[in-house]
Amino acid sequence: MKTSRVIVLILLVAAVLRLADLVGVPPGLEHDEVANWLIDRDILSGRHALYFTEAYGHEAGYHYLQAAAVALLGDHALSLRLPSVFLGLLGIAISFALARRLFGQRVALINAALLSVLFWPVFFGRLGVRAISLPAVSGLAAWFFLRGLEIGPRTGVHPQGKCPLVRRLSAFCLAGVIAGASLYTYMAARIVPLIFVLFVLYLGLFHRPLVRRHWRGVVLFFALMAATAAPLGIWLLGHPGAEFRIAEISQPLDAMLRGDLRPVAENGLKLLGFFGWRGDPLVRQNIPDRPVFDVLGAVLFYSGGLLALWRWRRPEYAFIVIWLALSLTPSLVTADAPSSIRCINGLVVVGVFAGLAVESLETRVRSLMPAAKRPGERWASALLGIWLFATMTWTVRDYFVRWPSGDDVQFVWQTALRDAAAALDADPD
């Protein structure tokens, strides 16, 4: 099957998982969704801001999209959640394009398929809160940045002169503006500039000819990122009390700054197990302790991670390692680790590691077996499809059956209020 048809099928499956019973599950409105609704109403009444101080402080980007949905579609729960559906699907498409640029179509399709069916992206792709906007925006910035650097599939770096200078500089400009715009999505985006800084430092140490060839574009990228993010930064510096939520959750960071590394080290161990052993403990973000992957998925993910570390000298592998490691940092230095919402920028590359392990395994099998005895490509694809279908089934059962039936979930999402409102609506008196 052609790649274009496969990615369309993947996106259709992702859309079904995110649109099915979107008003019924989650079973009501959680207080963060209500807070978003109140901010949206302020926007529609004419109040505009770069940063809204309500509900512990909110970056404004997502709210304008959500307010537009309310204005166009009506004032109801569906309008609050549809922007997250759209951004979740857009994030899958962007992550597919990014993985294809770095590692080719096979890895990119596995990455997209996992993002379409894993519980983690499905959960936040159905919730009317702003976190899911971060992977879509930051991933798009990364794609343009790597395009400007001419880092491409398999070769790592394209031959010099493959792309005209004007096109490369245009890619760096777009990457800078979009990377700066990512800081208007969600608090965990504060780590995005550091990702690009560390990657450029890595290139400067191990791929100096690449940096010398593209230094103008890199400078332009950082200048535009800083200029785009500057209005928000200036506003926050002028209102130091606006982000008091950070002080409430930053105990591990505070301890580290005092010289006590134990809380951060404990969080680091929890984050290592986040993908295959024990996941987010909070019911408002997960089935408590449910890991990201099943057993097979965890083996593939960790194997892909070791493979990427082994090949760190190649820029495409170093990029995804830096991206994932720094995307976990907001949870590393705050309370309640591992936090799936604070790690959400990791969705851009999380499926890539499993895809690398699958591709490496297939390559190994081909090299060890005579051509006449190799399992056909169709068999390999069928086994992969069975595993992805099993992962989807696990997600459907846990998200649509197990999770919403819990008493804690129904309390947090105010299911009783929803049912009371429905009863009042149904009674003509």
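Each residue takes its place number in the sequence, starting with 1. The shown structure was predicted, so the numbers you read here are calculated from the model rather than taken from an experiment.
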(Q) Please confirm whether the ring centroid of Tyr202 lies under 6.0 Å from the ring centroid of His207. (A) yes
Q. So do the side chains of Pro193 and Leu183 get within less than 4.5 Å of each other, counting heavy atoms only?
A. yes
Q: Count the heavy atoms of every other residue, nucleotide or ligand shown that sit under 6.0 Å from CZ of Arg47, and state whether that count exceeds 12.
A: yes
Q. Looking at side-chain heavy atoms only, is the closest gap between Arg278 and Phe274 below 4.5 Å?
A. no
Q | Smallest separation among heavy atoms of Asn111 and Val348, with atom names | A | ND2-O, 4.2 Å
Q. Does Thr185 use its side chain to pair, donor to acceptor, with the backbone of Ser182 at less than 3.5 Å?
A. yes
Q: Evaluate whether atom OH of Tyr56 has more than 12 neighbouring non-hydrogen atoms of other residues, nucleotides or ligands under 6.0 angstrom away.
A: no
Q: Check whether the side chains of Tyr184 and Ser133 place a donor and an acceptor atom closer than 3.5 Å, and report yes or no.
A: no
Q | Test of ring centre spacing under 6.0 Å for Phe172 and Phe144 | A | no
Q: Heavy atoms only: give me the nearest Asn345-Pro135 pair and the separation to one decimal.
A: OD1-CA, 4.2 Å
**Q.** Over 12 foreign heavy atoms within 6.0 Å of CH2, Trp394
**A.** yes
**Q.** Shortest non-hydrogen contact between Leu80 and Gln66, atoms and distance
**A.** O-NE2, 2.7 Å
Q. Just checking, Arg418 and Trp413: is the charged tip under 6.0 Å from the six-membered ring centre and within 45° of the axis?
A. no
Q: Could you go through the side chain to side chain contact (heavy atoms under 4.5 Å, CB included) check for Asp75 and Trp37 one step at a time?
A: CA-CA 9 Å; Asp75 195 6; Trp37 172 72; 2.6 Å; yes
Q: Look at atom CG of Asp407 and say whether more than 12 heavy atoms of other residues, nucleotides or ligands are closer to it than 6.0 Å.
A: no
Q: Would you mind telling me which of Tyr317, Phe353, Phe96 makes a ring pair (Phe, Tyr, Trp, His ring centres under 6.0 Å) with Phe103?
A: Tyr317
Q: State whether a side-chain donor-acceptor pair under 3.5 Å links Tyr64 with His48.
A: yes
Q: Report yes if some heavy atom in the side chain of Val396 is under 4.5 Å from a heavy atom in the side chain of Thr393; otherwise report no.
A: no
**Q.** Residue pair Ser331 / Leu271: nearest heavy atoms and the distance that separates them
**A.** OG-CD2, 3.8 Å
Q: Taking Arg126 for its side chain and Ala20 for its backbone only, find out whether a donor-acceptor pair lies under 3.5 Å.
A: yes
Q. How about Val200 and Phe222: do any of their side-chain heavy atoms sit closer than 4.5 Å?
A. yes
Q) Would you say the side chains of Tyr62 and Arg130 form a donor-acceptor pair under 3.5 Å? A) no
Q: Establish, from distance only, whether the side-chain atoms of Gln105 and Thr3 form a donor-acceptor pair under 3.5 Å.
A: yes
Q) Do Phe199 and Leu149 have side chains that get closer than 4.5 Å, going by heavy atoms? A) yes
Q: Ignoring hydrogens and angles, tell me if any N or O in the side chain of Arg168 forms a donor-acceptor pair with the backbone of Arg147 under 3.5 Å.
A: no
Q. Shortest non-hydrogen contact from Leu17 to Phe400?
A. O-CZ, 3.6 Å
Q: Could you go through the salt bridge (charged side-chain N to carboxylate O under 4.0 Å, His left out) check for Arg284 and Asp408 one step at a time?
A: CA-CA 9 Å; Arg284 64 176 181 270; Asp408 289 345; over 6 Å; no
Q.
Regarding Trp403 and Asn286, do their side chains bring together a donor and an acceptor under 3.5 Å, going by distance alone?
A. no
Q: State, without any angle test, whether His214 and Glu150 hold a side-chain donor-acceptor pair at a distance under 3.5 Å.
A: yes
Q) Is there side-chain contact between Leu114 and Trp387, with heavy atoms separated by less than 4.5 Å? A) yes
Q: Would you name the heavy atoms of Ala181 and Thr228 that are closest together and state the gap between them?
A: N-CG2, 3.6 Å
Q: Step by step, work out the salt bridge (charged side-chain N to carboxylate O under 4.0 Å, His left out) result for Glu243 and Arg190.
A: CA-CA 13 Å; Glu243 295 190 299; Arg190 311 291 170 82; 2.5 Å; yes
Q. Is it true that Arg81 and Glu33 make a salt bridge, defined as a side-chain N closer than 4.0 Å to a carboxylate O?
A. yes
Q | Trp120 side chain to Asp280 side chain, donor-acceptor N/O pair below 3.5 angstrom | A | no
Q | Side-chain heavy-atom pair Thr334, Leu253 within 4.5 angstrom cut-off | A | no
Q) Should Arg106 and Ser381 count as side-chain neighbours, where that means a heavy-atom distance under 4.5 Å? A) yes
